Amino acid sequence: MNLRIPGPTPCPDYVLDAMNRDMINHRGPEFQDMLHRCTDRLKEVFKTESDVLILTGSGTGAMEAAVVNVLSPGDQVLCVSIGVFGDRLAQIAEAFGASVTKLTATWGTPADPEAIRSALAENPDIKAVLVTHNETSTGVTNDMAAISSVVKGAGKLLVVDAISSLSSLPFYTDEWGCDVVMSGSQKGYMVPPGLAFISVSDEAWKAFEEAKMPRFYWDFGRAKSYLNRGQTPWTPAVSVFYGLDAALERMLDEGMDAIFERHARIAQKTRDGVKELGLSLFADESCASNTVTAVNVPEGVQLGALMRQLQADHDVVLAGGQGALDGKIMRVGHLGYITDEDITQVLSALSTVLPQVGFQPVTSPARGA
């Protein structure tokens, strides 16, 4: 099956083979070595000298952990949203009692750093800015360098959801002054769901000492104290750790710059290919993600029928839209374990199935959309 959704992503055989090992004592020396090895390698991926914690949980668990460990009920928070996952961060902060100001960009466009600057100037009591780097629901990547310059220039905590970008797109945790950055195993790491990764800066640790939101399972302090002795506070997803260990070794052998280049090349191939089919992109190419491409569903085409036929006849699985974009866009994931041949197969399948479900391109394939 050619699974082309933004996550969970396909896993290479060397990851699956590694995960097939028997259990070990998660309080023993073998796990201790693996935990320290994975943590050190993740610091290379995050490009940080700060602490990196590995938690057993999903991406949304990482979001909740990020919020509850640095904030208190009543704290003023600016949530910058460019889609479903930006909205989710705001919902989590509100659920734990933060006073949330939302700055929402039109879906399909990135956040405006100057709008963030204005929002911070209007409310100097804002303690933290929560923002998504790469929004898979819309296929848009924010300019984190520009955003971080504004946020850190204003002296605020910067909390970044990099779940679908870090490990696939350039990300510079320390250089950009990011205080809390979250990522997840099921995206560019080519590993099944189950592990969340979070970097914590010195400023974030200071905020942690004052934070009063309730936390137990997600407590950064517990995670760090156990990491210092080569353990996790709670039972870890040992099999997923095996896969992560194998994946990180291969990723660093390939080199992060080479990984970024590969994702950029394949993303461009995807965007060019769908335009040649006469389809149009949802996001402008100036901000289009290199991990997922959002494509407008053409008029007269029923997305459900298209996706069912792609899977039944060609073993190609795409993602639909989320929230307000349900039925309006389809999304092609191209992160992690991805090759040019995978995208060639997707484009070939689309070219066959689209006419069968009623699509007639307005312009010629040579001219594009």
Side-chain angles (χ1 to χ4, degrees), residues 6-21 23-24 26 28-59 61-62 65 133-134 160-175 178 180-200 223-224 226-228 230-232 236-263 266 290-291 333-339:
T9 62
C11 301
D13 287 342
Y14 59 81
V15 166
L16 298 177
D17 290 344
M19 293 179 62
N20 201 35
R21 293 169 51 199
M23 292 296 97
I24 55 174
H26 65 294
E30 299 94 344
F31 184 82
Q32 179 184 68
D33 290 344
M34 181 167 59
L35 176 60
H36 286 316
R37 187 166 57 246
C38 288
T39 301
D40 290 343
R41 287 170 171 169
L42 282 170
K43 288 185 178 185
E44 294 186 53
V45 176
F46 274 70
K47 298 192 182 298
T48 185
E49 298 296 324
S50 296
D51 291 307
V52 172
L53 307 174
I54 305 176
L55 311 176
T56 291
S58 68
H133 178 216
N134 185 75
V160 184
D161 166 8
I163 292 169
S164 64
S165 60
L166 212 156
S167 77
S168 303
L169 308 182
F171 197 96
Y172 304 96
T173 300
D174 288 355
E175 181 181 329
C178 301
V180 180
V181 179
M182 49 200 119
S183 188
S185 61
Q186 76 277 17
K187 301 291 187 177
Y189 298 88
M190 307 171 290
V191 178
L195 294 178
F197 321 126
I198 303 185
S199 66
V200 188
K224 183 176 180 180
Y226 274 80
L227 174 61
N228 290 339
Q231 298 180 18
T232 58
V238 174
S239 293
V240 188
F241 261 99
Y242 290 154
L244 176 67
D245 195 23
L248 287 171
E249 181 178 10
R250 293 291 187 99
M251 289 170 63
L252 294 177
D253 282 347
E254 181 179 357
M256 296 310 300
D257 288 341
I259 290 173
F260 302 153
E261 188 280 329
R262 174 165 55 84
H263 280 79
I266 291 177
N290 284 343
T291 66
H334 36 76
L335 69 163
Y337 187 44
I338 175 74
T339 66

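Excluded from the calculations below are hydrogen atoms, water molecules and symmetry mates; all remaining heavy atoms, backbone and side chain alike, are included. Just so it is clear, the model here is predicted, and its values are computed rather than measured.
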Check for me whether the distance between the ring centres of F46 and F197 falls short of 6.0 Å. no
So with a 6.0 Å cut-off around CG of N20, is the heavy-atom count from everything else above 12? no
Pairwise distance CG(D51) to CG(L42) - rounded to 0.5 angstrom: 12.5 Å
Quick check: closest heavy atoms across D174 and S50, and the distance to 0.1 Å? OD1-OG, 3.9 Å
Of the non-hydrogen atoms in I266 and T339, which two are nearest, and what is the gap between them? CD1-C, 3.7 Å
Looking only at atom types and distance, does a side-chain atom of T291 sit under 3.5 Å from a main-chain N or O of L335, one as donor and one as acceptor? no
V240 and P193 have their tightest heavy-atom pair at CG2-O, 3.9 Å
Nearest non-hydrogen partners of H133 and V160, listed with the distance: CB-CG1, 4.0 Å
Between F260 and N290, does the side chain to side chain contact (heavy atoms under 4.5 Å, CB included) criterion hold? Intermediate values first, please. CA-CA 9 Å; F260 302 153; N290 284 343; over 6 Å; no
Does any non-hydrogen side-chain atom of Y189 lie less than 4.5 Å from one of L248? yes
Counting only heavy atoms from other residues, nucleotides and ligands, does the tally under 6.0 Å from CD of E49 exceed 12? no
Interatomic distance, M19 atom CE to D17 atom CG [nearest 0.5 angstrom]: 11.0 Å
